[in-house]
Each structure stands twice: as structure tokens, then as C-alpha cells.
Amino acid sequence: VDDIGVGNTFNEMYEKFGKPSFIEQGQIIVINYTFADNIGNSYYVAFTHSNKILVGDEYKKTKPNVITGVNFYFKENM
């Protein structure tokens, strides 16, 4: 998303997008940003970090503070 994605650090993400809308911390860290356009459509971006990711048929340890997943959601104004 705007040159921030898997492999970037959360610090790079914060520099680019600022303070997130909310953060969920558990086994997976999820940092969410929400945006609305001028016609009422909503956009949600969730950057995630997991300590392990599945590569092929085995789990590999990840580096701390590195984005391991990005999800994008869109909700149309009805």
C-alpha cells in the first residue's frame, strides 16, 4: 500500500501513515488504518506481524517488527 507492505518495518509504516486507527495485540499483531472518501466509501488497511509464517510445508521464524501480511477492505457507501 503506497510502497509499504510485506518486508517493511512497522517504523517505516508509522513514518508513512502516522498514528493508526487501532491496534490489536495477541499472537498476531494487527495495526489498522481507516479512511473515508468524500462520498462516504470506507477503506480499511490492516498490516500484520506474526512470529512464524508458513513457507511451503514448514513454519519459519520471522524478524521482529517486520510486516508479514497486508489486508485491504473496501465498504461502499450505500
Side-chain angles (χ1 to χ4, degrees):
V1 177
D2 203 16
D3 294 326
I4 299 293
V6 173
N8 288 104
T9 66
F10 282 132
N11 293 338
E12 293 169 316
M13 178 200 63
Y14 292 134
E15 258 183 54
K16 184 88 166 191
F17 300 115
K19 184 179 176 183
S21 303
F22 58 97
I23 298 172
E24 300 169 46
Q25 290 189 331
Q27 283 190 313
I28 296 175
I29 298 169
V30 183
I31 299 177
N32 297 282
Y33 288 91
T34 59
F35 308 94
D37 63 21
N38 59 355
I39 58 174
N41 295 320
S42 299
Y43 305 84
Y44 305 89
V45 180
F47 296 95
T48 61
H49 171 78
S50 177
N51 289 329
K52 295 179 185 177
I53 58 172
L54 186 61
V55 178
D57 60 351
E58 63 183 69
Y59 283 93
K60 299 215 177 203
K61 187 169 172 53
T62 62
K63 293 181 181 178
N65 197 41
V66 172
I67 297 168
T68 58
V70 178
N71 295 299
F72 181 82
Y73 307 94
F74 170 74
K75 183 178 179 187
E76 185 176 12
N77 182 17
M78 298 273 188

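Model, not experiment: these values are computed from the prediction.
Taking hydrophobic clusters as Ile, Leu, Val, Met, Phe, Trp and Tyr residues chained together by side-chain heavy-atom distances below 4.5 Å, Val6 does not share a cluster with Val55. Cluster annotation: Phe22 and Tyr44 are assigned to distinct hydrophobic clusters (Ile/Leu/Val/Met/Phe/Trp/Tyr, side-chain heavy-atom contacts under 4.5 Å, transitive).
For Thr48 (side chain) and Val30 (main-chain N/O), no donor-acceptor pair under 3.5 Å exists by modelled atom type. Here the side chain of Lys61 pairs no donor or acceptor atom with the backbone of Asn51 at under 3.5 angstrom. Without hydrogens or angle criteria, Ser50 side chain to Ile53 main chain gives no donor-acceptor distance under 3.5 Å. Judged purely by atom type and a 3.5 angstrom limit, Thr34 has no side-chain atom pairing as donor or acceptor with the backbone of Ser21.
Of the options Val66, Ile23, Asn65, a side-chain contact (heavy atoms from CB on, under 4.5 Å) to Phe10 is made by Asn65 and by none of the others.
Using a 4.5 Å cut-off on side-chain heavy atoms (C-beta onward), Tyr73 and Val45 make no contact. Using a 4.5 Å cut-off on side-chain heavy atoms (C-beta onward), Thr9 and Tyr14 make no contact. The closest side-chain heavy-atom distance from Ile29 to Glu24 is not below 4.5 Å. Between Lys52 and Thr62, the closest side-chain pair of non-hydrogen atoms is not below 4.5 Å.
Nearest heavy-atom pair across Glu76 and Asn41 is CA-OD1, 3.3 Å. In terms of heavy-atom proximity, Asn32 sits nearest to Pro20 at O-CB, 3.4 Å. The two residues Asp37 and Tyr43 come nearest to each other via the heavy atoms OD2-OH, 2.9 Å. Across all their heavy atoms, Thr68 and His49 have their closest contact at OG1-CA, 3.3 Å.
Sparse packing is recorded around NZ of Lys75, with 12 or fewer heavy atoms of other residues, nucleotides or ligands lying under 6.0 Å away.
Ring orientation note: the planes of Phe17 and Tyr33 are tilted relative to one another, at an angle of 30° to 60°.
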Q: Walk me through it: do Asn8 and Met13 pass the test side-chain contact (heavy atoms from CB on, under 4.5 Å)?
A: CA-CA 7 Å; Asn8 288 104; Met13 178 200 63; over 6 Å; no
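Note that CG of Asn77 is 7.5 Å distant from OG of Ser42, once rounded to the nearest 0.5 Å.
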